[in-house]
2 protein chains.
Amino acid sequence: MNQDIYQVQFLLERITGLLRNERRQLLAEYGLQPVQFEALNYLAHCNRYSDTPMAVTEYLGQTKGTVSQTLKVLETKGLIVKQGDSKDKRVSHLKLTEAGSEILDTQQLSPQLAQLESQLLNDCYQPLQNLLTSMQQANQSRPFGQCRQCRHNTELAQGQYLCELTKEPLQEQETLLLCREFERP
Amino acid sequence: MNQDIYQVQFLLERITGLLRNERRQLLAEYGLQPVQFEALNYLAHCNRYSDTPMAVTEYLGQTKGTVSQTLKVLETKGLIVKQGDSKDKRVSHLKLTEAGSEILDTQQLSPQLAQLESQLLNDCYQPLQNLLTSMQQANQSRPFGQCRQCRHNTELAQGQYLCELTKEPLQEQETLLLCREFERP
DNA sequence: TTATTATTGTTTCGACTCGAAACTATAAGG
DNA sequence: CCTTATAGTTTCGAGTCGAAACAATAATAA
């Protein structure tokens, strides 16, 4: 019983350990660390409500001080730019630069996974998705889901969406991004 | 197609990120780091051919210098002891102390996972196992499997085993441990 | 309005991680 | 016997991370 839990935990840690080592090696030529890449990757997939240092902090589960340093490195390397929020002067928005997007495009996919039969990965998808969802529900950590599946999102017409939380209309594409305010229906 | 790969990779990294953060917090009271725990955990589950610093190095995928420091910390904290090999004077064997085993017993299982429905985890087991196996095959990294499933292992009689590689008999229990020389049948 | 409190984000510090390279000691092979 | 390979340690420099102090702005209460 508990043994099963341990086995799955073992597999998860082992697989991700291998992926992490692989990524570390690949990123070395860019002078990037795994955690910096994770932040960059998040910023590429989050919406305009969720591209702030605080959102990254929540996503990575680290302290804001730590994240602040991570972001400083990314900015110094010219992979992201910081833009002040127009309404709340405390808040910054972080956008990927061309260079940032390029690194992401080339490094996003693990070569180790890419060379496997896709069936192997497909078999993992749904069980892992269920697992993550349950973990987030059980720990009231923010799920960071896609707008489109959020209970604050309503489809006005075909391809036209509205976020009830911000009262702002959303583009079709925007609703596929990750949002820190995401809540399940 | 590639999108599927990315999704699974995303889920793996997200789940393990949560587990890693959880573990970091839990280990803080012992003054242990995640990587130190991983080494300790490995040493608790490997056999007597695989409890050396070099084996830990291969398992963790780091450099021997890095691992040497990790092990030094564990030894200083009294969680492991170093024993010289009787035949090869270059080699050390690392054994868990009482204190080391205790920490492992209390910290091994993730509370976050333990509170979930076990069905959720069971659904993940086989797909993940297949994934890991394929990854190891594709990357000639050592699989670190159980003796009992190794092609060098033969069952002489019920509960009596022999390793053809070392020509040594193995106890029933030993064949359930991880071995660095493991090869698939 | 004004004072208090909360929130966002940065900076600094100290302990720890990690790879690279130099180094020691022992083993193996020609 | 000499050379090469292997196991392991040490040192160094760049980076990670949390804690705590700090500044600036926003929200709330009196």
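Just so you know, these numbers come straight off a predicted model, no measurement behind them. So that the names make sense, note that chain A is the first sequence line, chain B the second, and so on, each numbered from 1.
- In this model, a donor atom of one side chain and an acceptor atom of the other lie less than 3.5 Å apart for A/E22 and A/S110.
- Only A/T52, A/P53, A/M54, listed by number, bring a heavy atom of residues 26-57 of chain A to less than 4.0 angstrom from any atom of DNA chain C.
- Across the protein-nucleic acid pair, A/Q69 atom CD and D/dG15 atom P stand 11 Å apart, rounded to whole Å.
- Here the nucleotide nearest the side chain of B/K82, chosen from C/dG9, D/dA26, D/dT9, is D/dT9.
- The interatomic distance linking A/L60 (CG) with D/dT16 (P) rounds to 12 Å, in whole Å.
- Within 4.0 Å (heavy atoms only), B/S92 reaches sugar-phosphate atoms of the nucleic acid but no base atom.
- Between the side chains of B/Q119 and B/D123, at least one donor-acceptor pair of N or O atoms lies under 3.5 Å.
- Note: CG (A/L74) to C1' (D/dG15) measures 13 Å, nearest angstrom.
- Taking B/Q129 as the reference, A/L11, B/Y125, B/Q126, B/T133 meet the side chain to side chain contact (heavy atoms under 4.5 Å, CB included) condition, with sequence neighbours excluded.
- Considering only side-chain N and O atoms, B/T66 lies nowhere under 4.0 angstrom from the phosphate OP1 or OP2 of C/dC18.
- The closest side-chain donor-acceptor pair between A/Q62 and A/T57, if any, does not fall under 3.5 angstrom.
- The distance from atom CZ of B/R23 to atom P of C/dT17 is 15 Å, rounded to the nearest whole Å.
- Across all strands, B/K89 comes closer than 4.0 Å only to sugar-phosphate atoms, never to a base (heavy-atom distances).
- In the interface, the side chain of B/S68 is not paired with the base of D/dG8 through any donor and acceptor atom under 3.5 Å apart.
- To the nearest angstrom, P of C/dG9 lies 9 Å from CG of A/L71.
- With D/dT9, C/dC18, C/dT10 as the candidates, the nucleotide lying closest to the side chain of B/K64 is D/dT9.
- For the pair A/K87 NZ and D/dA26 P, the interatomic distance rounds to 13 Å; values are reported in whole Å.
- For the residue pair B/T154 and B/Y161, no side-chain donor N or O sits within less than 3.5 Å of a side-chain acceptor on the partner.
- Rounding to whole angstrom units, CD of residue B/E58 and C1' of D/dA7 are separated by 11 Å.
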### Query
Taking it one step at a time, do B/L177 and B/C46 satisfy side chain to side chain contact (heavy atoms under 4.5 Å, CB included)?
CA-CA 5 Å; B/L177 297 176; B/C46 70; 5.8 Å; no

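- Counting only heavy atoms from C-beta on, B/R90 has its side chain closest to D/dA7 among C/dG19, C/dT8, D/dA7.
- Computed from coordinates, the B/Q62 CD to D/dG15 P distance equals 18 Å when rounded to whole Å.
- Checking A/K72 against A/N21, the closest nucleotide of DNA chain C that is more toward the 5' end is the one next to A/K72.
- Figure legend: cation-pi geometry between A/R14 and B/Y59, with NZ or CZ positioned under 6.0 Å from the six-membered ring centre and within 45° of its axis.
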